[in-house]
*Asks:* 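Got a structure for you, written out below as structure tokens; questions coming shortly.
Naming: A, B, ... by sequence-line order, numbering from 1 per chain. The structure displayed is predicted, hence computed values, not measured ones.
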There are 2 protein chains.
Amino acid sequence: MYKIRHCPLSCSVDLKLVLENMDDFKNIKPATFEEIINISHIKEYQKDSILYYENDIVDNVHYLFHGLVKVYKINKFDNEVIVNLLHNYCANESNPPLIDYHTFLSNNSFFNILCLENCKILSINVESFKEIIKSDPALSLNMLNRANKIIEEQEYIININMIYDTKSKLASLLNKNYDVFNMLSKKVVSQMLNISQETLSRSIKKLKDENIIGFDNNKKIIIVDEQKLRSIL
Amino acid sequence: MYKIRHCPLSCSVDLKLVLENMDDFKNIKPATFEEIINISHIKEYQKDSILYYENDIVDNVHYLFHGLVKVYKINKFDNEVIVNLLHNYCANESNPPLIDYHTFLSNNSFFNILCLENCKILSINVESFKEIIKSDPALSLNMLNRANKIIEEQEYIININMIYDTKSKLASLLNKNYDVFNMLSKKVVSQMLNISQETLSRSIKKLKDENIIGFDNNKKIIIVDEQKLRSIL
């Protein structure tokens, strides 16, 4: 169902080395860096385990070192609404995504977080982290950049759910990352776009009929006319 | 249609005094404060004037000193979707709301901004502002707090539009600020909740039938059972 590659959990991670290369911790003082290390730990989660449920008390912020997590809410009709999918092949090779910025705002989680694959996740104690941010100007600027990225992501979610019609929603997801699209089942894509699977199939057919997308030999979607795709947004 | 009180434009505003009391500028260095003053100016806008349209180039961030503005987008069906309504009675008496945080992220505006009343608006040159933020740790921490508030507001918008059913949407707006609700026409409320006016009327009736809300002698909504209202969220 999810064909995202990622390192085996046995892949060795040097916490210090990974943290040194993370955007959130660049240019900070050596003493700040040591403090962050002291409140950090790495934990492994088995596939299908829940990191936490909505409204759970959460004491840590989490970065995804390896694996794939689903960030979702349940609406009033008991349907799952996927707000984000985060994946990381290997912390040694890329800047690990922050899973739950909301933890900086409140100890009660805003989302449900599920591990869709075996995951390796960094936890940092949030109360201590917030104090450390105040003590190092470089770190507070990094976290301001991080907050700005979260705002941009949320703007994308608002566009998808309030402004776009179904065709634009689909075009937007394909334009943002059609690799991710090909990794996911139609069920998951429809949950991400908040539409039914039938509507998704119709929209894919429409884009194909207009020669905007096509399929390769492995039945994976390819983008045929990128300019036309962008014009829909 | 909009019965929000605000000071007349003739109300005198001491820029220095107002800025000193604003959350975004508290605890900053005197030199930083002077730099902010130097890139700030106040401008008056007549009722129904557009501050800017979506995708316009914007060089300034704006704070609302007096008046009422509508922040909105147009969806693919040419319907107006109101993302926010900001109002400020008088800058001398309250912390003026930031109208357009997005300007920190991109020079292209994300929203349309319309003055629903005569407005007095503070403009601060965004490129200079961004440089000043980097030079004063207290200011960067203030702006991190500001970004966190924006993230919370956007979470509210996401809940309203993706998670809640119509009844919960309405309950959420009433719970957040039923004064604002009473100030607005049904058309504007329905645009804020992204539902039709008929659906809005039905939902109001439902909440009344359940004795959660009622009407006072001026036909304004009053909350009868706050606990029951919150239980819907």
*Asks:* Which bit of B/L233 is near chain A, if near means a heavy-atom gap under 4.5 Å: side chain, backbone, both or neither?
*Replies:*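 The answer is the backbone of B/L233.
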*Asks:* Any donor and acceptor pair, going by atom type alone, linking the side chain of A/S128 with main-chain N or O of A/N125 inside 3.5 Å?
*Replies:* no
*Asks:* Side chains of A/Y63 and A/N88: donor-acceptor distance under 3.5 Å anywhere?
*Replies:* no
*Asks:* Hey, are B/S109 and B/D100 close enough side-chain-wise for a donor-acceptor pair under 3.5 Å?
*Replies:*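 Checked: B/D100/B/S109 side chains show no N/O donor-acceptor pair below 3.5 Å.
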*Asks:* Are the side chains of B/N175 and B/I223 in contact, using a 4.5 Å heavy-atom criterion?
*Replies:* no
*Asks:* Less than 4.5 Å to any heavy atom of chain A: does that hold for the side chain of B/I151, its backbone, both, or neither?
*Replies:* both
*Asks:* If you count heavy-atom pairs under 4.5 Å with chain A, which of B/V83, B/I150, B/L144 comes out on top?
*Replies:* B/L144
*Asks:* Report yes if the side chains of A/D48 and A/C115 come closer than 4.5 Å at any heavy-atom pair, otherwise no.
*Replies:*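 Answer no - side chains too far apart.
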*Asks:* Contact part of A/F110 toward chain B, heavy-atom cut-off under 4.5 Å: side chain, backbone, both or neither?
*Replies:* side chain
*Asks:* Of the listed residues (B/N145, B/D136, B/I74, B/N159), which shares the most heavy-atom pairs with chain A below a 4.5 Å separation?
*Replies:* B/N159
*Asks:* Below 4.5 Å from any heavy atom of chain A, which atoms of B/K134 appear? Answer side chain, backbone, both or neither.
*Replies:* both
*Asks:* Let's test your reading of the structure: which of B/K149, B/R146, B/M162, B/K167 forms the most heavy-atom pairs below 4.5 Å with chain A?
*Replies:*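 Looking at each of B/K149, B/R146, B/M162, B/K167 in turn, B/M162 comes out on top.
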*Asks:* Scan side-chain atoms only and decide if A/Y101 and B/N148 contain a donor-acceptor pair under the 3.5 Å cut-off.
*Replies:*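 Indeed, the side chains of A/Y101 and B/N148 share at least one donor-acceptor pair under 3.5 Å.
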*Asks:* Most heavy-atom pairs under 4.5 angstrom with chain A, which of B/L141, B/I163, B/L105?
*Replies:*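 That would be B/I163.
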*Asks:* Is B/N194 in contact with chain A via its backbone, its side chain, both, or neither, using a 4.5 Å heavy-atom distance?
*Replies:*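 It is the side chain, since no backbone atom gets that close.
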*Asks:* Between B/N95 and B/D23, do the side chains contain an N or O donor and an N or O acceptor separated by less than 3.5 Å?
*Replies:* yes
